[in-house]
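Inspection log for the structure reproduced underneath, given as structure tokens.
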Amino acid sequence: MVSTKELVNIELEVKAIEKGNLACPGCQLNLSFKHALSALKGDAIVVVPACCTSVIQGAGQGYGMHVPIFNTAFASAPPVASGIARKLKRDGKKTTVVVWAGDGGTADIGFGSMSGAAERDENILYVMYDNQGYQNTGNQKSGATPRGAKTSTTPHGKKSRRKDIARMMMAQEVSYVATANASYPQDLFAKIERAATEFAGHFRFIQIYSPCPPGWNIDTKDSVLVGELANNTGYWPLYEAVNGKLEFSRPSRRFNDPAKRKPLADYLKIQGRFRNIDPEIVKQMEEDIEHEWSILRKFM
Amino acid sequence: MKSSRYQEEILMLDFSKVEIWTGNQAIAEAAILSRPEVIAAYPITPSTPIIEALSSAVENGRLDAEFIAVESEHAAMSGVMGGSAAGARTFTATASQGLLYMMEMIYWAGYGRLPIVIGLVNRSLAPGWSIWVDHQDAYSMRDAGWLQIFAKNNQEAHDLTVQAFKVAENHGVYLPMAVNIDGFVLSHVAGQVQPLTQKFVDDFLPSFNPIFKLDSSDPVSFGALTLPDDYQMLRKDLEDSFQRAKKVITDVSKEFAELTGRDWGDLIEVYGPESADIAVVAMGTLAEEAEEAVDELNKRGKNVGVVRIRSFRPFPTERIREVAKNYDKILIIDRGQSFGSATPLTLEFKNALYGTDIPIVTRVMGTGGKDVDYSEIMAVIEEVYKEEM
Ligand SMILES: Cc1ncc(C[n+]2csc(CCOP(=O)(O)OP(=O)(O)O)c2C)c(N)n1
Ligand code: SF4
Ligand SMILES: [Mg+2]
């Protein structure tokens, strides 16, 4: 795994994101993008459907990202990337084709097209950055919004569980599936690198937990802390699944033991989106954590 | 008279060879000869045989290309868009509901200036389910930034498909293009087609030379957030390109006619007497049917002609103004409607002929695949003769 110093040096060199793009302060999607594109050393073509990433690049000629980007319609990124990947194959190019999509674009409107690209095993690295709602349109619920979260379309907290896309991709027997967390950049970096090299030629899927201060109603300074608590409460298990065989990643491993996990309340109390929700829902959320781990363990 | 190049080309074309092809085969064979590199497609009646032919051509090694069997039409257009943006010549085919399902990406390809060619096998829109021809599907993409051209028979469909790549990829045009044929009437009915040869197409159609493409060593962004001033400028540029396309389509048709002896007209095809009492206006096979109707009527002493619209977008406004002078009355036979207003072709003619006093009458015929034969067109012409001229 790269050291923090090496990571910083690579990021300074690749400069995947220019200074002063349009992301909100504390935006973790922005950092995830920087880490991921640095891991690819900038040798990537990125396909971005409608989402916050379409906006934060900047407007017109004031362009904030240092990689070629094809901006496309909400549900269309996987097939656009498929077309690009096929042409690169003909040209003998090794450039990684990345779909960089939000949770809504992935779990909802683009699910069919992602599943299609996975089924064809297209040479695409699919990254779902997960800010757990439609943030670009002002925080409406998505299929990936977790139970309990208040959004503008679930004003009393969402009642049902989130759609677990990483597990759905495992069910589709995608060769490399991983979860990541913007608060663990080295782990994220290593996963992108591994996906891009060891599993090149195949469809790969990485889901990155990416806190969003305005949407989650958290303090800008807390967005890294929220990610850390997501890990330490066992709320967001980090793992890699290679050909269906799962291994928990280092930052999460010890939380396989429920006794080691921090109380969920620590995670909830610093996020406005979970404020004053029904205690019954909180109880279900606590149960959801062990439920998730127990399913994941079966794939070890 | 003919250039030496013509003689050479004659040798490349084997005129003794005639195939009996459906319209779908005629398009597929021409697409194969045009050497697309990326094809993404999804089946729908009556266009399915086109993509099946392409898929087997790729599978059996006849065509060196990537065939992406996607999960929807939305994805089919997205797939060829990706290929095109990465620098590939691209092709797909669809019809009817498939086109509607694709529509978001149809606009993306048009406004995004990706010179994709699509075989559009015209079929009516549901409900009720109908697999038969009308032009309502084509009209639905009118303002999407696509060139739209209509063939009247299988030979023209074959020839137009190759020409379409040349027009679309022209740097002064650089727009996607739809080659339209009537569902079943052409797509599934076999007729004589003189096939173009690989040698001819390789010579006639230069390889795709993209103006811009995705490349990690030269990062550019496609379709990023665009402020109002830039946006308006880009749309004006789109309009300018459509205007330039009028000449390019005409020139490419002319060049093709000189090389092959097959002259399908320019943006329009004028048939019959120089000047006439009535000009029948139609697109696709209805125009060919109208040719027969006017032949028959003219034999009986009437004086009628046909103006076939080949290019619906760009619309040949100037050409219509030029030729309309030769007629006392215009009879438009439209295979589609614009509910609550005049039919799409009628609107175009009223716009083109604004300020003139040439009367225009319209009949909607042949929608939902309703069979229209030349005798019915004759009857309509007779009716129009009887109305006040
Ligand atoms: C077909 C279509 N429907 C709706 C929208 C409006 N829209 C744009 S972005 C977005 C939400 C995106 O959510 P997500 O994928 O989670 O990305 P985020 O904005 O959270 O980064 C929506 C609903 C659109 N652009 N296209
Ligand atoms: S709304 Fe959230 S995800 Fe979007 S740019 Fe702002 S912080 Fe980032
Ligand atoms: Mg989101």
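Numbered from 1 within each chain, the chains take letters A, B, ... in sequence-line order. Remember, predicted model here, so these are calculated numbers, not experimental data.
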Open item on the list: Looking at A:R120 and B:E71, is there a salt bridge between them, counting it only when a charged N and a carboxylate O are closer than 4.0 Å?
Closed with: yes
TODO: Using a cut-off of 6.0 Å, state whether more than 12 heavy atoms not belonging to B:D229 lie near its atom CG.
DONE: no
Task: Which atoms of A:S82 approach chain B - backbone, side chain, both or neither, heavy atom under 4.5 Å - done: both
Task: Region of A:E122 that comes under 4.5 Å of a non-hydrogen atom in chain B - done: side chain
- [ ] For residues A:S76 and B:S78, report the shortest heavy-atom separation together with the two atoms involved.
- [x] CB-OG, 3.1 Å
TODO: Return yes when atom NZ of A:K15 has more than 12 non-hydrogen atoms of other residues, nucleotides or ligands closer than 6.0 Å, and no otherwise.
DONE: no
Open item on the list: Is it true that, when you exclude B:Q243 itself, more than 12 heavy atoms of the residues, nucleotides or ligands shown sit nearer than 6.0 Å to its CD?
Closed with: yes
Task: B:Q232 CD: over 12 foreign heavy atoms closer than 6.0 Å - done: no
Task: Shortest non-hydrogen contact from A:Q57 toward B:S221 - done: OE1-OG, 3.6 Å
TODO: From the options B:F212, B:W108, B:F222, select the one residue that forms a ring pair (Phe, Tyr, Trp, His ring centres under 6.0 Å) with A:F70.
DONE: B:F222
Task: Heavy-atom pair of closest approach, residues B:A224 and A:G58 - done: CB-O, 4.4 Å
Open item on the list: With a 4.5 angstrom heavy-atom cut-off, is it the side chain or the backbone of A:R86 that approaches chain B, or both, or neither?
Closed with: both
Task: Electrostatic pair A:R90-B:E66, nearest N-O below 4.0 angstrom - done: no
